[in-house]
There are 2 protein chains.
Amino acid sequence: MVIALNAGTLLSMGSRVQGARERARIEIVAAIKAEARRQLASDGAAKLSLRAVARELGMVSSALYRYFPSRDDLLTALITDAYDAVGEAAEQATAGSGGAADSPPARWLAVCRAVRAWALEHPHEYALIYGSPVPGYAAPQSTTVAASRGALVMFGIAQDAYDSGALREPTRGSAAPDALARDMAEIIERLDIRLPAPLVVELVAAWSELFGLISSELFGQFNRVVTERDAFFGHAVARLADQVGLGGGSAVLPGE
Amino acid sequence: MVIALNAGTLLSMGSRVQGARERARIEIVAAIKAEARRQLASDGAAKLSLRAVARELGMVSSALYRYFPSRDDLLTALITDAYDAVGEAAEQATAGSGGAADSPPARWLAVCRAVRAWALEHPHEYALIYGSPVPGYAAPQSTTVAASRGALVMFGIAQDAYDSGALREPTRGSAAPDALARDMAEIIERLDIRLPAPLVVELVAAWSELFGLISSELFGQFNRVVTERDAFFGHAVARLADQVGLGGGSAVLPGE
DNA sequence: CCAAAGCAAGAGCACTGCTCTCGAAGTTGG
DNA sequence: CCAACTTCGAGAGCAGTGCTCTTGCTTTGG
């Protein structure tokens, strides 16, 4: 005896699911993604097989195409999820253990460590988003919002430090070239932050370099070169913090 | 009428090729690699197909297995070649235009630009070596020698600067943790350089971060974020130079 | 209650990496 | 010079892949 709910009501209620059909659909989509993630973790993106996923789920391969029109679409879904996961890891790192009360350098370090930890735990998912993009495949627009989540955390830390005056101007070396002003203005507006453009340049560079450090470790560039990875990463990341004006001078970093 | 040459003589003469058979073999191997590189450039590593390579070369697919026992072996060969290519690009950047006579910061910048330029010209080959490793595949020991070629160039620049006293000690921020001393000693010995361990830590970090910058640009992380890529890269790399003690203070960088 | 839409299943196409066998070439020692 | 030996190319074949199309069945909604 279900009370009549027309489509309009449902739409206005947002996330409420109507029939058993749709309920089954989102469950199946979730099951497919879960199984795909499992195979991704064990064999890597290149060996992710639609047929194998279907087989494991007890369905025939062609049925899977009702939920994901192609293999790349499945991968895109996983990519978006991965961006969300690393973004959430970063956010939780600032929220936890004192959270915003901690000093900006400590939060910076915590976020970097959290991102690295996530990457080490989910190497193939990390490779999916920060490694080489699959075949000729270009990440669709939809992923960009999820992608900026992590960066936003870093920018938030810098914003707090800047607002409280704890940020040293990063004027060492040559200043940021004027050509970048337009790009930075765009970023500042889109992320709704209030920071000077030169600082944003440093932040973007630091964010990018952070993934250089993580990728190098994860993709084997440090094999037989760096064995004390925790110590190396901690030091390098502290230097990145210094580069953007955090943690220099009097502030004492919780060192290795 | 061929003068008798036994195996010993040939071995002692090194690269001399004997029969038409071996001559043909190295030619065919080269042709296979060339065609594979062509397909790599157009379709990416994941779509590199042994059958397609063979087809294009007018041979049957099974014949190809006489030269490369598996697809991964072909990829390994391409990886080694790619490491060599980027290493050579880096070396030529220091050799050309004044070469060692140029100031260390200028050479540093030139090398970074050369590596980036090579990456932009050969994105798929770059992805092969600095992107996510293919499937579950671990790069064999043989690639490590070629891999260190590029890093060696950077270390050489730092060495020259250090020897001539032009290097500022990079003591800003926290010092490198002691745990890294062992790793750095190993690097110093293997690369036959004479630099203090803390400096080597900074160099390794900078080398790693350099590939973060390049990978971010190449793998789409800068899409709709940074459009003035030359300017951004130049600035970020100059800051990396500063980080390792090059180019700070009085030296004037040929800025953007 | 019945048409419409969503769905699973199967067959099938073109492709892949890789193995095995079988003759034809090339190489080498007597 | 020729017989034994090795290397090679070609073909067939296996197991797997992404993806499409058709055929019925079930759920849904007017």
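Sequence lines set the chain letters: A, B, ... in the order given, protein chains first and strands last, and positions in each chain run from 1. What's counted below: heavy atoms across the whole structure, side chains too, no hydrogens, waters or symmetry copies.
Among residues two or more places apart in sequence or in another chain, the salt bridge (Lys or Arg N to Asp or Glu O under 4.0 Å) test is passed with B:Glu35 by B:Arg38. Qualifying salt bridge (Lys or Arg N to Asp or Glu O under 4.0 Å) partners for A:Glu186, counting only residues two or more places apart in sequence or in other chains: A:Arg190. B:Asp183 meets the salt bridge (Lys or Arg N to Asp or Glu O under 4.0 Å) test with no other residue; sequence neighbours excluded. In terms of the side chain to side chain donor-acceptor pair (under 3.5 Å) criterion, B:Glu228 has no residue partners (sequence neighbours excluded).
Taking atom CZ of B:Arg51 as the reference point, atom P of C:dT19 lies 13 Å away to the nearest angstrom. The separation between B:Asp73 atom CG and C:dT19 atom P is 11 Å, rounded to whole Å. Rounded to an integer number of Å, the gap from B:Asp43 CG to C:dT16 P is 11 Å. As a whole-Å value, the separation of B:Ile26 CD1 from D:dT7 P is 17 Å. For the pair B:Lys47 NZ and C:dG17 P, the interatomic distance rounds to 13 Å; values are reported in whole Å. One atom, CG of B:Asp72, and another, C1' of C:dC18, lie 12 Å apart when rounded to the nearest Å. Atom CG in A:Leu50 sits roughly 9 Å away from atom C1' in D:dT17 (whole-Å rounding).
Below the 3.5 angstrom threshold, one finds no donor paired with an acceptor across the side chain of A:Arg25 and the base of C:dG6. Residue side chain B:Arg21 reaches the base of D:dT7 through a donor-acceptor N/O pair under 3.5 Å, judged by distance alone.
Ring orientation note: the planes of A:Tyr130 and A:Phe211 are close to parallel, at an angle under 30° on the 30°/60° scale.
In the region residues 52-67 of chain B, proximity to DNA chain D at under 4.0 angstrom, judged on heavy atoms, holds for B:Met59, B:Val60, B:Ser62, B:Ala63, B:Arg66, B:Tyr67.
For residues 204-214 of chain A, the set of pairs meeting the side-chain hydrogen bond (donor to acceptor under 3.5 Å, both in side chains) definition, not counting sequence neighbours, comprises A:Ser208-B:Ser216, A:Glu209-A:Gln243.
Within the nucleic acid shown, A:Leu74 has no heavy atom closer than 4.0 Å to any nucleic acid atom.
Each of A:Ile28 and B:Ser49 lies near DNA chain C, and the nucleotide nearest A:Ile28 is the one positioned closer to the 5' end.
The pair B:Arg37-B:Asp81 meets the salt-bridge criterion, since a charged nitrogen lies less than 4.0 angstrom from a carboxylate oxygen.
Between A:Arg71 and the phosphate of D:dG18, there is a side-chain N or O to OP1/OP2 separation shorter than 4.0 Å.
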